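What you see below is based on every heavy atom in this structure, not just the backbone, and it leaves out hydrogens, waters and symmetry mates. Owing to the predicted nature of the structure, the values given are computational and were not obtained by experimental measurement.
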Amino acid sequence: GTYYSQHGYSDFFEEWAKTDLQAMVKRDRNHPSIVLWSIGNEVDYPNDPYTDPNREDYQAWRPSAYQVTETARTLYDHVKAVDDTRPVTAAVANAPLANKTGYAALLDVVGYNYQEQHYEEDHENFPQRRMIGSETGDSYEAWQVVENHDYIPGQFLWTGIDYLGEAGRFPSRSNDSGLLTLSNVRKPGFFYRQSLWSDEPMVALAVADSMEEGDYDDEGGTSHWTWDGQEGEQMTVVAYTNGEAVELSLNGESLGRKAPADDETPWVTWTVPFEPGTLRAVAQTDGKVVAQDELQTAGEPHAVELVPNRSEIRANGDDISSVRVRVVDSDGVRVPQADHEIRFDVEGPGENIGVGNSNHESIAPYKADVRNVYRGRARIIVQSSGTAGEITVRAEAEGLSSDAVPIDAK
């Protein structure tokens, strides 16, 4: 049988593949940031659409897996004809099959999508092969595979930032697999990666719903200590750190010092009965304090707070400042339950080019002068209109103190 989903670019492939591929290469070949050209992503996925006679779910009406290799060889030649200075790669979804059909062998660099289990065997069988993790698991084990094998240069996580699409059911319209939200909020998973990858001493606290493998997004954990009506409930508190040990305290009382078990998990956890106040993590290395983090229980919503990531931008009609918006209590602590509607006003030589709040289920427009905060947060992007001067960004909400910040366009 045939399905509507099979009618895509393949309908135009014979006519347009060479033109489109070479146009892409010609457009971007002078960019030094381009290090590889890719001719495909997961086109060898079992039965989507190519089929393998050795699989139990073989479907004879589908095209043979060997056709992938023939097509890839043609695309490879199209790339080399207009740029022979860079390697050609593709992301394979089925390494054993890509090896068998010759697909992997014709690539200059073989990209592995979630195929970490085949790295060692393939390196042994094809010692000259250049391999990259083109899309990789986000578990600690998947990172250890990279750490322990010099021939694997790193990871590409799917994905660094939440993105529109692959959203599931309406009203959700974006995917939440990122380390950063749509409006640039760092999730607990961001700090987990920082603990693995950064030499700068750090510790970051989160409160987890669960610590299942790869479950570090906003649904699996969150960075606040405001749990109204849940006094005494057991919370799993997580500290991500690259320090040797972390001491946790609640309202000045120590809850114990723990060291990450590097062979199992690079984080530490405590079970803590919720009590309002200040949760503090202190990271130590060689007996010295190297980093601290704290979460404070928020009081009643009091004010809107604006913090631009840049208070000076170029007055070129192009440059932007990304302004963080938060609803805070009288001590400046974010109120995670807040969902106030914020009204924005931009004066001077700049304009509001977009607002957002990280909520995957919001269908509010990004081009607007109002936006509700989500978990106490939102963001507004301000762009230079082309002349020098001071831009003023104002935000107000009913029942809250308003805020205004200057951005200097030079």
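When all heavy atoms of S322 and I381 are compared, the closest pair comes out as OG-CD1, 3.5 Å. Nearest heavy atom pair, residue T222 against residue P188, reads N-CG, 4.1 Å. Annotation for A364 and R173: closest pair O-NH2, 2.7 Å, computed over non-hydrogen atoms. The shortest heavy-atom contact between Q194 and M202 is OE1-CE, 3.5 Å. Annotation for N372 and D339: closest pair ND2-O, 2.8 Å, computed over non-hydrogen atoms. Residues T181 and D162 share a closest heavy-atom pair of CA-OD2, 3.5 Å.
Taking CE from M24 and CG from D20, the interatomic distance works out to 10.0 Å, rounded to the nearest 0.5 Å. Here N54 contributes atom CG and T51 contributes atom OG1; the two are 10.0 Å apart, rounded to the nearest 0.5 Å. The distance from atom CG of L97 to atom CG of D52, rounded to the nearest 0.5 Å, is 4.5 Å. In this structure, CD1 in I363 is found 11.5 Å from OG in S172, a value given to the nearest 0.5 Å. Within the model, atoms OH of Y76 and OH of Y103 stand 13.0 Å from one another, a figure rounded to the nearest 0.5 Å. Here NE2 of H78 is found 6.5 Å from CD of Q22. Values are rounded to the nearest 0.5 Å.
The environment of CD in E244 is crowded: more than 12 heavy-atom neighbours from other residues, nucleotides or ligands sit within 6.0 Å. Atom CH2 of W16 sits in a sparse spot, with 12 or fewer heavy atoms from other residues, nucleotides or ligands closer than 6.0 Å. Other residues, nucleotides and ligands contribute over 12 non-hydrogen atoms within 6.0 Å of the CD atom of E231. Taking a 6.0 Å sphere around CD of E124, one finds it holds 12 or fewer heavy atoms contributed by other residues, nucleotides or ligands. Heavy atoms from other residues, nucleotides or ligands lying under 6.0 Å from CZ of F12 number 12 at most. With a 6.0 Å radius and a threshold of 12 heavy atoms from other residues, nucleotides or ligands, I161 has its CD1 atom at or below the threshold. Under a cut-off of 6.0 angstrom, the local environment of CD in E398 is sparse, with at most 12 non-hydrogen atoms contributed by other residues, nucleotides or ligands. Atom CG of D57 has more than 12 neighbouring heavy atoms from other residues, nucleotides or ligands inside a 6.0 Å radius.
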Legend entry - side-chain contact (heavy atoms from CB on, under 4.5 Å) assessment of W37 paired with L21: CA-CA 10 Å; W37 297 115; L21 179 57; over 6 Å; no

Legend entry - I407 vs E312, side-chain contact (heavy atoms from CB on, under 4.5 Å): CA-CA, chis, key distance, verdict: CA-CA 6 Å; I407 296 169; E312 286 185 8; over 6 Å; no

Inset, instruction - Mind running side-chain contact (heavy atoms from CB on, under 4.5 Å) on V373 and V304 for me, showing each step along the way? - result: CA-CA 10 Å; V373 291; V304 184; over 6 Å; no

Inset, instruction - Decide salt bridge (Lys or Arg N to Asp or Glu O under 4.0 Å) for E305 and R324; before the verdict, give the C-alpha distance in whole Å, the side-chain angles of both, and the deciding distance to 0.1 Å. - result: CA-CA 8 Å; E305 173 197 80; R324 186 186 74 188; 3.3 Å; yes

Inset, instruction - Could you please spell out the steps behind the side-chain contact (heavy atoms from CB on, under 4.5 Å) verdict for V272 and W225? - result: CA-CA 11 Å; V272 183; W225 192 242; 4.1 Å; yes

Legend entry - Check against salt bridge (Lys or Arg N to Asp or Glu O under 4.0 Å), R86 and D83: CA-CA 7 Å; R86 293 179 176 91; D83 179 13; 2.8 Å; yes

Inset, instruction - List the steps, then state whether salt bridge (Lys or Arg N to Asp or Glu O under 4.0 Å) holds for K288 with D286. - result: CA-CA 6 Å; K288 294 176 184 170; D286 295 329; over 6 Å; no

Inset, instruction - Could you walk me through whether S183 and S358 pass side-chain hydrogen bond (donor to acceptor under 3.5 Å, both in side chains), step by step? - result: CA-CA 5 Å; S183 52; S358 302; 2.4 Å; yes

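In terms of modelled atom types and a separation under 3.5 Å, the side chain of R326 and the main chain of G332 share a donor-acceptor contact. Judged by distance alone, the side chain of D108 and the main-chain N or O of T89 form no donor-acceptor pair under 3.5 Å. Side-chain atoms of R371 come within 3.5 Å of backbone N or O of P365 as a donor-acceptor pair. The backbone N or O of F156 lies less than 3.5 Å from a partner atom in the side chain of T136, making a donor-acceptor pair. No donor-acceptor pair under 3.5 Å is formed between the side chain of D331 and the backbone N or O of V333. Side chain of T69 to main chain of T101: a donor-acceptor pair is present (N/O by atom type, distance under 3.5 Å, no hydrogens or angles). The closest donor-acceptor contact from the side chain of E116 to the backbone of G137 lies under 3.5 Å. Judged purely by atom type and a 3.5 angstrom limit, D44 has no side-chain atom pairing as donor or acceptor with the backbone of V92. Remark: the backbone N or O of R375 is paired with a side-chain donor or acceptor of R334 at under 3.5 angstrom. One N or O on the side chain of K187 and one on the backbone of D176 form a donor-acceptor pair closer than 3.5 Å.
In summary, the side chains of D122 and Y112 do present a donor paired with an acceptor at a separation below 3.5 Å, with no hydrogens or angles considered. S254 and E247 form a side-chain donor-acceptor contact under 3.5 Å, judged by distance and modelled atom types alone.
R280 places none of its side-chain heavy atoms less than 4.5 Å from the side chain of N251. In this structure, V207 and W227 have side chains that are in contact, with non-hydrogen atoms separated by less than 4.5 Å. Residues P87 and R130 form no side-chain contact, since every pair of their non-hydrogen atoms from C-beta on lies 4.5 Å or further apart. Taking the side chain as every heavy atom from C-beta outward, P349 and I391 approach each other to under 4.5 Å. E275 is not listed as a side-chain neighbour of E253, based on a closest heavy-atom distance of 4.5 Å or more. E121 is listed as a side-chain neighbour of N125, based on a closest heavy-atom distance under 4.5 Å. You'll find the side chain of H118 stays beyond 4.5 Å of the side chain of N99, heavy atoms only. Two residues are said to be in side-chain contact when any heavy atoms from C-beta on lie closer than 4.5 Å; Q115 and P96 meet this criterion.
Classification of the Y151-H123 ring pair by plane angle, with boundaries at 30° and 60°, yields parallel.
Under the side-chain hydrogen bond (donor to acceptor under 3.5 Å, both in side chains) rule, D319 has a single partner from Q383, K410, R310, which is R310.
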